[in-house]
K.L.:
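This is the structure I have questions about; it appears just below.
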Amino acid sequence: MLELRQLCKHFGGVRAVDQVSLRVAKGEIFGLIGPNGSGKSTTVNLIAGLLLPTSGRIVLDGEDISSLATHQRVARGIARTFQNIRLFGQLTVWQNLWVAENRDRQQRAQPVMPRWFWGCEGDRERLGIALEFSGLAHKRDDLAANLSFGEQRRLELARALASQPKLLLLDEPAAGMNAQEIEELDARIRRIRDAGVTVLLIEHHMELVMAVTDRIGVLNFGQKIAEGSPAMVQNDAKVREAYLGTAAA
Amino acid sequence: MDDYLVSVLSNIGIISFVALSAYVLLLAGEVSFGQQAFFALGAYAAGIATAMLRWPLALALCLGVLVGALAAAAVGRATLRLSGLYFAMATLAFAEMMRIGFELFTWQVDVGGSLVGPNGPDGFGDIRYLFENEITPAQYMLVVYGLLAVVLAALLVLDRSRWGRVLRQAGADPVLAELQGIRVVRVRLVAAAAAGALAGLGGGLYAHLLTYVEPRNFDIMLGVHSLAYGLIGGLGTAFGPVLGVLIDIGLLESSRLFQGYRMIAFGGLVAVLLIARPRGLLDERAVHWISSRAKGLFDALAARRLDHPFRRR
Ligand SMILES: Nc1ncnc2c1ncn2[C@@H]1O[C@H](COP(=O)(O)OP(=O)(O)O)[C@@H](O)[C@H]1O
Ligand SMILES: [Mg+2]
């Protein structure tokens, strides 16, 4: 479904992402791990279109999307969350979930004016589902800035889901969470996968990654150093070296 | 009503249009120092239409709106890909160019034995439509406030619609807005055109109120003030910029209290607010608080009614 072909992103002399190739299959949860500064967030930015690659290709369902604008990639089914929570703080929970474009062609049948002005029936339904999923229905009209940290994380996840993505990119969703919240997150990610969404999960919390992912890719200094099942990756010498920072094998 | 009050109120109403113009762009996340240019275009276009072409006022105002919108869309296309400071500088440069353009613009025609029309730095006088058609200042004030009410209502409705959400998302965080599928540049272009239309409408009204406009009416001070009105009054609702105008013109300029100190008081107010309330008195938080209170009150009243369905009998 998603394929990176020799993807590179250089910032001046820094090779943040260097010749990374990988494939994510439809319906799987793919983990992307690596030490701090190894290029994980940059990879997500490249896939979502917030950065343009120095070289290489990004292919989604057979279509080269490397040079598309962000909103065009959203229309093709890509959504993401941020490592540092990013919400519209001065808008309400419901307004945060709002998505502009509607990919559902059937809705064209509805009268133009109300649709243009207030959005489709289907939009509201879709937003309602996202709201339900966030578990914030009782705070629908609260400002996002007034939510607790955990609630903001949940809202961000729901915001990403509101556009009904095919591919969801999660950048360290467990950062700052306690054990119970991480358990809930684990269940949520599985629910998202079960709903047919492919997930690319970037995470530092190894227990979560090992438990929830089907396959894992490992980055170090911008290069992919390993790829495989959680068990394989865990026992990989290069990976251990990257994480422990020693020559221990 | 006494003449002075009518003229102050008319002025407040008209300046509110430029303030709303700058406000719409602020919502879209762009700071413009140049909305006075579209105000000037509207003033000249509407003035030419009634004084020289003998059009009726309504049509002349429409022309002002159209000219403002088209010019703003053209400028927007050229500048909206710039961001932040660069956009602000570009709008300022454009407005100054327009002002100098009007200083050079002379086009006069013979109307009933005398020359009428823009006359370079001497300005454009004899826009006597109100006088010729026996519209009193008080009646004209009602026209101004009627139009302002329509514009405010439209902006309030828009704010609750899909478009308001899109606009505020694009302004608050353009990157995140793109991730919600919004074409931010296009939204900003629409906002710029709408802002130009509002300024153009205000300009048309202004020219007919004063009967005489000159290029220096449309200098940078007007642009800075328009921007400041939204930032003082608040960006949470369209009433914000109008509140800003009320505070500045109603309180500082027109009352004797601050005579001679208006600019100092105004500057101080802006400085204090920028620190204490960067998005103005009626910011999003305040508006949210007020509207949730109002909703709570309304719900409570509705619930009481339901509790006692037969009370009224
Ligand atoms: N916008 C940027 N400009 C310059 N360097 C950057 C930028 N973004 C990331 N980098 C650098 O790229 C490298 C990878 O960063 P990042 O992708 O954030 O790593 P990770 O998410 O794996 O911790 C780091 O060395 C970082 O300093
Ligand atoms: Mg990161």
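Note on naming: letters A, B, ... go to the chains in the order of the sequence lines (proteins, then strands), and numbering restarts at 1 for each one.
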K.L.:
Taking all non-hydrogen atoms of both residues into account, name the closest pair between Trp98(A) and Gln169(B) and its distance.
P.N.:
O-NE2, 3.4 Å
K.L.:
Taking CZ in Phe11(A) as the centre, count heavy atoms belonging to other residues, nucleotides or ligands within less than 6.0 Å. Is the count above 12?
P.N.:
yes
K.L.:
If you count heavy atoms of other groups shown closer than 6.0 angstrom to CZ of Arg81(B), is the number above 12?
P.N.:
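Counting other residues, nucleotides and ligands, CZ of Arg81(B) stays at 12 neighbours or fewer.
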K.L.:
Would you check if the side chain of His71(A) reaches a backbone N or O of Ala177(B) as a donor-acceptor pair within less than 3.5 Å?
P.N.:
no
K.L.:
Take Leu235(B) and Gln90(A) through the test side-chain contact (heavy atoms from CB on, under 4.5 Å) and record every step on the way to the result.
P.N.:
CA-CA 11 Å; Leu235(B) 301 177; Gln90(A) 303 302 315; over 6 Å; no
K.L.:
To the nearest 0.5 Å, tell me how far Gln95(A) CD sits from Glu284(B) CD.
P.N.:
10.0 Å
K.L.:
Check this for me: Glu132(A), atom CD, are more than 12 non-hydrogen atoms of other residues, nucleotides or ligands nearer than 6.0 Å?
P.N.:
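Check fails, neighbour count at 12 or below.
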K.L.:
Which heavy atom in Gln180(B) sits nearest to a heavy atom in Asn96(A), and how many Å separate them?
P.N.:
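Closest heavy-atom pair between Gln180(B) and Asn96(A): NE2-O, 3.3 Å.
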K.L.:
Which bit of Ile78(A) is near chain B, if near means a heavy-atom gap under 4.5 Å: side chain, backbone, both or neither?
P.N.:
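Nothing of Ile78(A), per the 4.5 Å heavy-atom cut-off to chain B.
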K.L.:
Atom CH2 of Trp94(A) and atom CZ of Arg165(B): how far apart are they, to the nearest 0.5 Å?
P.N.:
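Output value for this atom pair is 9.0 Å.
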K.L.:
Could you state the interatomic distance from CG (Leu91(A)) to CZ (Arg168(B)), rounded to the nearest 0.5 Å?
P.N.:
7.5 Å
K.L.:
If you count heavy atoms of other groups shown closer than 6.0 angstrom to CZ of Arg86(A), is the number above 12?
P.N.:
yes
K.L.:
For Asn146(A) and Arg285(B), run side-chain contact (heavy atoms from CB on, under 4.5 Å): C-alpha distance rounded to whole Å, both residues' side-chain angles, the deciding distance at 0.1 Å, then the answer.
P.N.:
CA-CA 10 Å; Asn146(A) 293 346; Arg285(B) 215 169 258 281; 2.9 Å; yes
K.L.:
Applying the side chain to side chain contact (heavy atoms under 4.5 Å, CB included) criterion to Thr70(A), which one of Ile182(B), Leu176(B), Leu179(B) satisfies it?
P.N.:
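That would be Leu179(B).
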K.L.:
Decide if atom CZ of Arg277(B) counts as having more than 12 heavy atoms of other residues, nucleotides or ligands within a radius under 6.0 Å.
P.N.:
yes
K.L.:
For Arg159(A), which atoms come within 4.5 Å of any heavy atom of chain B: side chain, backbone, both, or neither?
P.N.:
both
K.L.:
What do you reckon, is OH of Tyr145(B) surrounded by more than 12 foreign heavy atoms closer than 6.0 Å?
P.N.:
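Above 12, so yes.
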